[in-house]
Amino acid sequence: MPLDPDKPGTGEGAPSDPNRERNVENPVEESVRKRIRQSTPSPHRGNTPQASPPRFVSVEELMEAAKGVTNMALAHEIVLNGGFQIKPKEPPEGSLEKHVRDIVHKAFWDCFEAQFREDPPVYDHAIILLAEIKEALSSFLLPGHTRLKNQINEVLDLDLIKQEAENGALNIPRLAEFIIGMMGTLCAPARDEEIRKLRHIKEPIALFRAIFSVLDLMKVDMANFAISSVRPHLMQQSVEYERKKFQDFLEKQQDSLDIVTQWLQEAADALAPSRPEDAGPVAAEAADRTLCPVTVLNQAYVKLLSWDHRHKLFPETLLMDQIRFQEMQVELAQLTLLGTLLLITHNSAGPALSGHQEFQDRIKNIIKVLLQDVGSAPISTNDVLATVSEKICLELNSSLAQYGFTPFSAEREAALKGQIQSAGSPSNQIYRLIDNRIQTFLLNSLGSSSLRSLPTLPSGLGPIQKELEETTVKFVRLVNYNKMVFSPYYDSALSKILNIAGTRA
């Protein structure tokens, strides 16, 4: 049955394909590896079921589990990220890895050049390189490329090449010409310029180095082609595959769902109604019915958008998407601040400018540009808001004068700047209002039947509707896919949590 992450539910389904590029060497895999190494369970709440007695596992079992989780993370990234591509891995400048690699490469090429300059030339290194080139070219062939395979085997016949080298008859330029021609036949159109440059290199050592450099790029291209080819098939199998790999990991790793249980428990506690001790059984029963599993789970997902990533471990079932949740958290924080500032500006401008769409668009664009780095570690929100207050007041007075209205007085301008500069405080009433309405919209969207018909936008969020809906669509797709994969684990944990809550009541 086809899977649709645009629709909520816990049934199995295929993931959506949001366009986001991500390097294969990303922090997600590092987080997974770190979690495998870090086997420290979180403290249990008093009424949370205790874990099973520890079972000791071998290093080999842990390594096998790590390999399975790494493969699962790669498959997950390919499915969710339509722009996923492997990129050539280059060691950081000045790193020990780069230093050692450069020394080894230089030693090899210096030895190759020394052999080539001898009289007569020694071709031992050249034959080794030609064998590697032959292997690389063969790896690019598809099953139907019989003619090309025969050409490669015929021209790059290593036994014949060794005989020619021993007899001083090896024709390196002829072999290089064939190799470059074959690379031009097999490479992606994006590499045509690199192939053209190869034809202009006459010095043998430099030519061999350049050939291997282009071959490395072609290997990356082939890997990305394979990824794009396998993606449709992987999407059909991804839910079952990820669930199976995660189950394999659970069987090897102790206390593997402690953070998930704690995360769901906190969401249930936040939703649990406070009622007096003498509340009647009817009132108690009605209150307990509000704690249905879907409501608790949706509330828990929304809470991830305000997660303290620095001091709290992320739920195990969402580790592969932690980076995505962090990015959405920054986006929503900026949107909340943007909505707050636009509401303050709109109220201050009053009817004089509220009807001028050009003014509203200009103010919004100015604020968006200034807020784009808010949330980054080196950026001070207070400094940004001070700059925003100056820009808004300048633009406001300019527009008032343009439309024939009296500019703000110094006192009114100072009051507006004070409002703007305090807008980023979580205790600011307007900020809290916008934040609560955004969370309400996100919760309602998780309960919506389809992303094609998002719920009605709460009042006050109209100026940020486009940006909020874009982030919401990404959020809902990610959540729905996560539900498809891990719903059995959530159902099990929630049934225990809610049964305990019912027992306490």
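No hydrogens, no waters, no symmetry mates; every other heavy atom, side chains included, goes into these values. Everything numeric in this text was worked out from a predicted model, so none of it was measured.
Every residue meeting the ring-ring contact (aromatic ring centres under 6.0 Å, His included) condition with Y489, not counting sequence neighbours, appears here in chain and number order: F246. Looking at residues two or more places apart in sequence or on another chain, you find a ring-ring contact (aromatic ring centres under 6.0 Å, His included) between Y490 and W263. Under the side chain to side chain donor-acceptor pair (under 3.5 Å) criterion, R412 pairs with no residue at all, not counting sequence neighbours. Remark: Q429 pairs with no residue by the side chain to side chain donor-acceptor pair (under 3.5 Å) rule, at least two apart or across chains. Residues satisfying the side chain to side chain donor-acceptor pair (under 3.5 Å) criterion with E469, sequence neighbours excluded, are Q465. In this structure, S422 has no side chain to side chain donor-acceptor pair (under 3.5 Å) partners at least two apart in sequence or on a different chain. For the ring-ring contact (aromatic ring centres under 6.0 Å, His included) test, no residue two or more places apart in sequence or in another chain qualifies with F405. Taking the salt bridge (Lys or Arg N to Asp or Glu O under 4.0 Å) definition, one finds that D102 meets it with K98, sequence neighbours left out.
The closest side-chain heavy-atom distance from L250 to L257 is below 4.5 Å.
Between the CD1 atom of I430 and the CD atom of Q419 there is a distance of 6.0 Å, given to the nearest 0.5 Å.
More than 12 heavy atoms of other residues, nucleotides or ligands lie within 6.0 Å of NZ in K417, so this atom counts as buried by the packing criterion. In H309, the NE2 atom is crowded: over 12 heavy atoms of neighbouring residues, nucleotides or ligands sit closer than 6.0 Å. Counted within 6.0 Å of CZ on F225, heavy atoms from surrounding residues, nucleotides or ligands total 12 or fewer; the atom is thus considered open. Residue E93 qualifies as open at atom CD: its count of foreign heavy atoms under 6.0 Å is 12 or below.
Annotation: salt bridge (charged side-chain N to carboxylate O under 4.0 Å, His left out) contacts involving residues 335-361, sequence neighbours excluded, comprise E358-R362. Counting only residues at least two apart or on different chains, no salt bridge (charged side-chain N to carboxylate O under 4.0 Å, His left out) pair has a member in residues 431-446. The salt bridge (charged side-chain N to carboxylate O under 4.0 Å, His left out) analysis of residues 336-351, with sequence neighbours excluded, yields no pairs.
A salt bridge links E90 to R101: one of the charged nitrogens lies within less than 4.0 Å of a carboxylate oxygen. A salt bridge links K244 and D248; the closest N-O separation between the charged side-chain nitrogens and carboxylate oxygens is under 4.0 Å. Electrostatic pairing of K245 and E242 does not count as a salt bridge here, judged by no charged N lying under 4.0 Å from a carboxylate O. Here E467 pairs with K364 in a salt bridge; the nearest charged N to carboxylate O distance falls below 4.0 Å.
Checking N397 against E413 by side-chain atom types alone, a donor-acceptor pair falls below 3.5 Å.
Ring centroids of F314 and W307 are separated by less than 6.0 Å, placing the two rings close together.
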Going by atom type alone, with no hydrogens or angles, which donor-acceptor pairs under 3.5 Å involve a side-chain atom of residues 296-305 and a protein atom two or more places apart or on another chain?
from: N298; atom 1: OD1; to: K483; atom 2: NZ; distance (Å): 2.7
from: Y301; atom 1: OH; to: N482; atom 2: OD1; distance (Å): 2.7

